[in-house]
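All values derive from a computational prediction rather than experimental measurement. Just so you know, residue 1 is the first one in the sequence shown, and it goes up from there.
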Amino acid sequence: MNAKEIARGGLLAAAAVALLYMGGAAPYIGPAACIAAGVTSAVPLLRRARLRTAVLLYAAASILGALIVPRKSVVAAYAVFCGLYPIVKFGVECYLPRHVQTGVKLVYFNIVLAVAGALVAYGLFPGIDLPGFARLAVLWFGANAVFIIYDVALSRLIALLRRSLPPE
């Protein structure tokens, strides 16, 4: 790692923490701020596939967010899904055949969803109540549909960033 890469990673981590803080302070923009903070972990992977920088950026933003952000559910969503998913997406799309990628990403998302549901069920987030089985099934199906839309949108955003960012 050179100094330029460390500085860029630090600035991206600071941007992610600032976005998480805004999402924690203003409850209506929480999900959007969490998703925008998650995009920062994809930036080191755009041109030269700096996986180490992306992972360190994700870890630093998660730890600093847990210490600073007032609403911990925003940081939990970042740490469990939004911050880690661009890194997982990069690994899946680089190392697996194209016909398997969507299935693996859906399996990953459903595992994350099950872990989040278990954390809510055990009372880690007392402000969130689990709905009944029928509503939970509808929510689960809807969450998978939204995830597919999110994955396509993230792919298009990454392609746009690759085209529009200046060369290194």
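Distance check: Leu113 CG to Tyr108 OH gives 11.5 Å after rounding to the nearest 0.5 Å. Put simply, CG on Leu64 and CG on Leu20 are 10.0 Å apart, with the number rounded to the nearest 0.5 Å. For the atom pair Leu46 CG and Leu160 CG, the distance stands at 10.5 Å (nearest 0.5 Å). Rounding to the nearest 0.5 angstrom, the gap separating the CG atom in Asn144 from the CG atom in Asn110 is 4.0 Å. Distance check, rounded to the nearest 0.5 Å: OG of Ser164 to CG of Leu157 gives 8.5 Å. Taken from CG in Leu56 to OG in Ser41, the straight-line distance is 12.0 Å, to the nearest 0.5 Å.
A 4.5 Å side-chain heavy-atom check between Glu5 and Arg52 finds every atom pair outside the cut-off.
With hydrophobic clusters built from ILVMFWY side chains whose heavy atoms lie under 4.5 angstrom apart, Leu154 does not share a cluster with Val146. Using a 4.5 Å cut-off between side-chain heavy atoms of Ile, Leu, Val, Met, Phe, Trp and Tyr, with links allowed through other members, Val100 and Val88 fall into the same hydrophobic cluster. Clustering ILVMFWY residues whenever any of their side-chain heavy atoms sit less than 4.5 angstrom apart, transitively, puts Leu19 in a cluster other than the one holding Phe81. Grouping the Ile, Leu, Val, Met, Phe, Trp and Tyr side chains by contacts below 4.5 angstrom, directly or via other members, places Ile35 with Leu161. Using a 4.5 Å cut-off between side-chain heavy atoms of Ile, Leu, Val, Met, Phe, Trp and Tyr, with links allowed through other members, Leu96 and Leu45 fall into the same hydrophobic cluster.
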Derivation of the side-chain contact (heavy atoms from CB on, under 4.5 Å) call for Ile148 and Leu106: CA-CA 8 Å; Ile148 292 171; Leu106 277 170; 4.1 Å; yes
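Here the side chain of Thr53 pairs no donor or acceptor atom with the backbone of Gly9 at under 3.5 angstrom. Put simply, the side chain of Glu93 never gets that close to the backbone of Gln101: no donor and acceptor are under 3.5 Å apart. For the pair Asp151 (side chain) and Phe147 (backbone), a donor-acceptor distance under 3.5 Å is absent.
Within 6.0 Å of the CZ atom in Phe109, the count of heavy atoms belonging to other residues, nucleotides or ligands exceeds 12.
Between Pro44 and Thr40 the shortest heavy-atom distance is CD-O, 3.4 Å. Contact between Tyr150 and Cys82 at its shortest, heavy atoms only, is OH-O, 4.3 Å. Here the closest non-hydrogen pair linking Val74 and Gly23 is CG2-O, 3.8 Å. The two residues Tyr78 and Cys34 make their nearest non-hydrogen contact at N-SG, 3.4 Å. Nearest heavy-atom pair, Pro86 versus Gly38, reported as atom, atom and distance to 0.1 Å: CG-O, 3.3 Å. Contact record, Arg71 with Gly30: NH2-CA, 3.8 Å, taken as the closest heavy-atom pair.
When the options Val17, Val39, Leu57 are evaluated for a side-chain contact (heavy atoms from CB on, under 4.5 Å) with Leu12, the one that passes is Leu57.
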